[in-house]
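First comes the structure, then the notes that go with it.
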Amino acid sequence: TIRGQGATTIVTAPASAFVIDTGMALCIEKLSVVSAGLESAIRIQTALGVTLRELLVFAYDGLRDRRSAAVALSGLCAAVTIRDNLFIAPDGVRTETGNEGGPAFALLGALAIERNLLSCQRNGISLDGSVGQLWDTRIADNQFTHCPGNGVLVRGLATAGSSLHV
């Protein structure tokens, strides 16, 4: 567990503040993340049992050709929970597929994105690209204050028995 003391605990980075690469049973909570936007502020690449909660994430969008997000998912991400956060970024939560050096897919299982406030220059939640859904995916009770592209965009394939609740 990485636990701050609330919004006054600030982690800054020119690119990603946290990169979870092949991680398991991890929780990041109660802190602020400020990223210069060179990459997504929090990147989850192949993980099991990750929780992000009570975070304030700001990713700067000064470099328009960059595709930064508050949280980026890629690889196999199972039992990931993103709950009770404030995201101010070009994209709130999104899948990153086909990036150089990263997995070319996102396989999402038991994903929960709930009770977040998203203020984004492009998309609030974008699960797009080479994406597969396993089991139950819940996107619920989120508020979008400014997301001119899409509030919620979900594309890809789903296995038999999978469900999506928006």
Side-chain angles (χ1 to χ4, degrees), residues 1-75 77-97 99 102 106 108 110-128 131 137-154 165-166:
T1 298
I2 300 171
R3 179 179 296 129
Q5 299 300 313
T8 57
T9 302
I10 302 171
V11 177
T12 61
S16 297
F18 295 101
V19 177
I20 301 166
D21 190 357
T22 317
M24 187 168 75
L26 178 65
C27 178
I28 301 173
E29 65 182 4
K30 299 184 180 187
L31 54 85
S32 296
V33 175
V34 179
S35 170
L38 298 177
E39 293 178 358
S40 296
I42 300 171
R43 290 188 1 238
I44 302 172
Q45 299 176 177
T46 306
L48 172 64
V50 173
T51 299
L52 306 176
R53 68 174 167 230
E54 297 180 43
L55 302 176
L56 188 158
V57 179
F58 175 80
Y60 181 65
D61 189 29
L63 303 171
R64 300 279 181 203
D65 60 334
R66 300 287 182 170
R67 295 280 302 158
S68 60
V71 178
L73 306 169
S74 64
C77 296
V80 173
T81 302
I82 302 169
R83 178 179 293 143
D84 300 322
N85 302 293
L86 169 60
F87 296 143
I88 303 168
D91 291 322
V93 178
R94 75 148 191 259
T95 51
E96 287 187 347
T97 59
N99 286 353
L108 310 173
L111 174 66
I113 304 172
E114 303 170 321
R115 299 191 315 256
N116 299 291
L117 177 60
L118 300 103
S119 179
C120 305
Q121 289 88 353
R122 289 187 289 260
N123 301 302
I125 299 169
S126 178
L127 307 180
D128 194 15
V131 178
T137 297
R138 290 184 324 275
I139 301 172
D141 300 323
N142 296 291
Q143 295 183 24
F144 305 93
T145 61
H146 177 71
C147 300
N150 296 288
V152 177
L153 173 66
V154 179
H165 303 276
V166 179

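We number each residue from 1, following the sequence as shown.
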To the closest 0.5 Å, what do you measure between CZ (Arg94) and OG (Ser74)?
10.0 Å
Interatomic distance, CG@Asp21 vs OG@Ser16, rounded to 0.5 Å, equals 11.0 Å
Rounded distance [0.5 Å steps], CG in Asn123 versus CG in Asp128:
8.5 Å
Out of Ile82, Ile113, Val71, Thr95, which residue meets the side-chain contact (heavy atoms from CB on, under 4.5 Å) rule with Ile125?
Ile113
Can you pull out every salt bridge (charged side-chain N to carboxylate O under 4.0 Å, His left out) where at least one residue sits in residues 111-121? Sequence neighbours excluded, please.
Arg83-Glu114, Asp84-Arg115, Glu114-Arg138
Taking every non-hydrogen atom, the tightest pair across Ala89 and Ala70
CB-N, 3.6 Å
Inter-residue atom distance Leu48.CG - Ile20.CD1, 0.5 Å rounding
12.0 Å
Inter-residue atom distance Ser68.OG - Arg43.CZ, 0.5 Å rounding:
12.0 Å
Once you round to the nearest 0.5 Å, how far does CG of Leu52 lie from CD1 of Ile44?
4.5 Å
With sequence neighbours excluded, what pairs up with Asn85 under the side chain to side chain donor-acceptor pair (under 3.5 Å) test?
Asn116
Looking at Ile42, Val57, Leu56, which one forms a side-chain contact (heavy atoms from CB on, under 4.5 Å) with Phe87?
Val57
Would you sort out whether Asp91 and Cys120 count as a side chain to side chain contact (heavy atoms under 4.5 Å, CB included), showing the intermediate values?
CA-CA 5 Å; Asp91 291 322; Cys120 305; 5.6 Å; no
Begin from the C-alpha positions of Leu111 and Leu73 and carry the test side chain to side chain contact (heavy atoms under 4.5 Å, CB included) through to its verdict.
CA-CA 11 Å; Leu111 174 66; Leu73 306 169; 4.2 Å; yes
Could you list the donor-acceptor pairs under 3.5 angstrom formed by side chains in residues 26-36, with sequence neighbours left out?
{"unit_1": "Glu29", "atom_1": "OE1", "unit_2": "Arg53", "atom_2": "NE", "d": "2.6"}
{"unit_1": "Glu29", "atom_1": "OE1", "unit_2": "Arg53", "atom_2": "NH2", "d": "2.8"}
{"unit_1": "Glu29", "atom_1": "OE2", "unit_2": "Arg3", "atom_2": "NE", "d": "2.3"}
{"unit_1": "Glu29", "atom_1": "OE2", "unit_2": "Arg3", "atom_2": "NH2", "d": "2.7"}
{"unit_1": "Ser32", "atom_1": "OG", "unit_2": "Ala7", "atom_2": "O", "d": "2.7"}
{"unit_1": "Ser35", "atom_1": "OG", "unit_2": "Ala15", "atom_2": "O", "d": "2.6"}
{"unit_1": "Ser35", "atom_1": "OG", "unit_2": "Gly37", "atom_2": "N", "d": "3.1"}

